[in-house]
Amino acid sequence: MRNALRACARPEPWRRGPVLTALALLLGLVLLLHATITDHAGLGSLMENVLPWLGLFVPLLLAVACLRRSLAAVTALLLPAVVWTALFGGLLHDKSHPGGDLTVATHNVGAANPDPTATAHTLAASGAGLLALEELTPRAVPLYERTLAPTYPYHAVLGTVGLWSKLPLSATHPIDVMNHGPLAAAKPAAAKLPENRALHTTVTTPDGPLAVYVAHLGSVRLMPRTGFWTASRDIGAAALTKAVTADPTPRVLLLADLNGTWDDRAFAGLSARLGSAQRTAGTGFGFTWPAAFPMARIDQILYRGMEADRSWTLPGTGSDHLPIAATLTW
């Protein structure tokens, strides 16, 4: 102990590794101030989608700092370590508990899914009372309808999204999450429907109506010249926020492929109005994409006027997304 104190008292260990120290402080500031990073070329949005993974740099920098015997760098690493723990530490433990009035599931089944019938069987085995599917194709819809019919007597499909239910559905209509402005208003509904990517329907439960939204927001792209392109997705996020905000139903459920993580600033409006089942009642990050090696949770179960009891990821299907499920109580 005396030797360690003497070593710390000498100036040399504090002078070593100035670059490492600067990197550690920069990492901490990025984690702490990520919301203030400019979104020029989508930089802020991109950073927020990979935010949990920045924690991997803490042990990496720590190992290098130890090799360099840099006390300054080791001390500076306390900042990113504490900030990352404050942001994401609460996600790591199991927050589930018994109970639940309704189990729901959602899955981007993938337009290129080679076996929709097998996917439908896997999803039906989840026991979900409500099952939302995104990225449906005209070829696959009849297969899903036929396979899911014995379990789900009610369903609605509008464009590329659908909801299968054990409870009656009513007042189903599309939500335009792809178009905006005067030209969108002038576009006939029949022209929008084949590519429709969001719907609203009312589920009749024994305890009253439940407003359900199923959505698949526009894709994002990492472009060599323009950066992280999110325009289509952001239009959809704004449209969903507007619809949810105006919905007078006490209980609201959003089952969606958002094409972005819940930390993304594009969903600030939604996160102010809806809770995340994974954050409230899940274990860990619950990454869903890509299915082969999940690195981000872009599929979400969000709610209002209810409580989440459990949230989990279902086994993979032929899609490039993993399905997710949650139990809810009202």
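The figures here come from the full heavy-atom set of this structure, side chains too, leaving out hydrogens, waters and symmetry mates. Being a predicted model, the structure only gives us computed values, none of them experimental.
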With no hydrogens and no angle check, just 3.5 Å: does a side-chain donor-acceptor pair link H216 and T160? no
Just by modelled atom types, is the A256 backbone N or O under 3.5 Å from a matching donor or acceptor in the Q300 side chain? no
Inter- and intrachain pairs under salt bridge (charged side-chain N to carboxylate O under 4.0 Å, His left out), touching residues 41-60, at least two apart: E48-R265
Which ILVMFWY residues are connected to F228, directly or by a chain of links, through side-chain heavy atoms under 4.5 Å apart? L46, V220, L222
Roughly how far apart are T201 OG1 and L253 CG, rounded to 0.5 Å? 11.5 Å
Could you give me the CA-CA distance, side-chain angles and deciding distance for T280 and S311, then say whether side-chain contact (heavy atoms from CB on, under 4.5 Å) is met? CA-CA 8 Å; T280 304; S311 177; over 6 Å; no
Beyond-backbone contact of V104 with Y303, side-chain heavy atoms, under 4.5 angstrom: no
Qualifying residues under ring pair (Phe, Tyr, Trp, His ring centres under 6.0 Å), relative to W84, sequence neighbours excluded: F88
Does any N or O in the side chain of R197 come within less than 3.5 Å of the main-chain N or O of L217, such that one atom is a donor and the other an acceptor? yes
Would you say R273 and T241 are linked by a side-chain donor-acceptor pair, where the criterion is simply a distance under 3.5 Å? no
Taking atom CZ as the centre, does R68 end up with more than 12 heavy-atom neighbours from other residues, nucleotides or ligands that are less than 6.0 angstrom away? no
Residues clustered with W229, ILVMFWY side-chain links under 4.5 angstrom: M223
Any heavy-atom pair between the side chains of L27 and L54 that's under 4.5 Å? yes
Ignoring hydrogens and angles, tell me if any N or O in the side chain of T249 forms a donor-acceptor pair with the backbone of V252 under 3.5 Å. no
Can you name the residues that form a side-chain hydrogen bond (donor to acceptor under 3.5 Å, both in side chains) with D207, not counting sequence neighbours? W330
Salt bridge (charged side-chain N to carboxylate O under 4.0 Å, His left out): which pairs involve residues 212-233, sequence neighbours left out? R233-D264
Nearest-0.5 Å distance that lies between atom NE2 in H107 and atom CD in E135: 10.0 Å
Just verifying a value: how many Å separate L199 CG and D176 CG, rounded to the nearest 0.5 Å? 13.0 Å
Between L31 and L87, what is the shortest heavy-atom contact and its length? O-CD1, 3.6 Å
Not counting sequence neighbours, list each pair that qualifies as a salt bridge (charged side-chain N to carboxylate O under 4.0 Å, His left out) and has a residue in residues 20-36. none
Mind checking side-chain hydrogen bond (donor to acceptor under 3.5 Å, both in side chains) for D309 and listing every partner two or more places apart, or none if nothing turns up? H97, T329
Look at the rings of W262 and F267 and say which category their plane angle falls in: under 30° parallel, 30 to 60° tilted, over 60° perpendicular. parallel
Mind listing the closest non-hydrogen atom pair of A325 and I301 along with its distance? C-CD1, 3.6 Å
Name the one of L274, L254, L302 that satisfies side chain to side chain contact (heavy atoms under 4.5 Å, CB included) with Y213? L254
For H121, check ring pair (Phe, Tyr, Trp, His ring centres under 6.0 Å) against everything at least two apart and list the hits. none
Mind checking side-chain hydrogen bond (donor to acceptor under 3.5 Å, both in side chains) for T205 and listing every partner two or more places apart, or none if nothing turns up? R251
Please report the closest heavy-atom contact between D257 and N108, naming both atoms and the distance. OD2-ND2, 2.8 Å
Should we say atom CD of E145 is surrounded by more than 12 heavy atoms from elsewhere, each under 6.0 Å from it? yes
Kindly compute the distance separating CE (M306) from OG1 (T327), expressed to the nearest 0.5 Å. 11.5 Å
Report all side-chain donor-acceptor pairs from residues 281-292 shorter than 3.5 Å, counting only partners two or more places apart or in another chain.
residue : atom : partner : partner atom : Å
T283    : OG1  : D94     : OD1          : 3.1
T288    : OG1  : I298    : N            : 3.4
T288    : OG1  : D299    : OD2          : 2.6

Residues in side-chain hydrogen bond (donor to acceptor under 3.5 Å, both in side chains) contact with R310, at least two apart in sequence or another chain: none
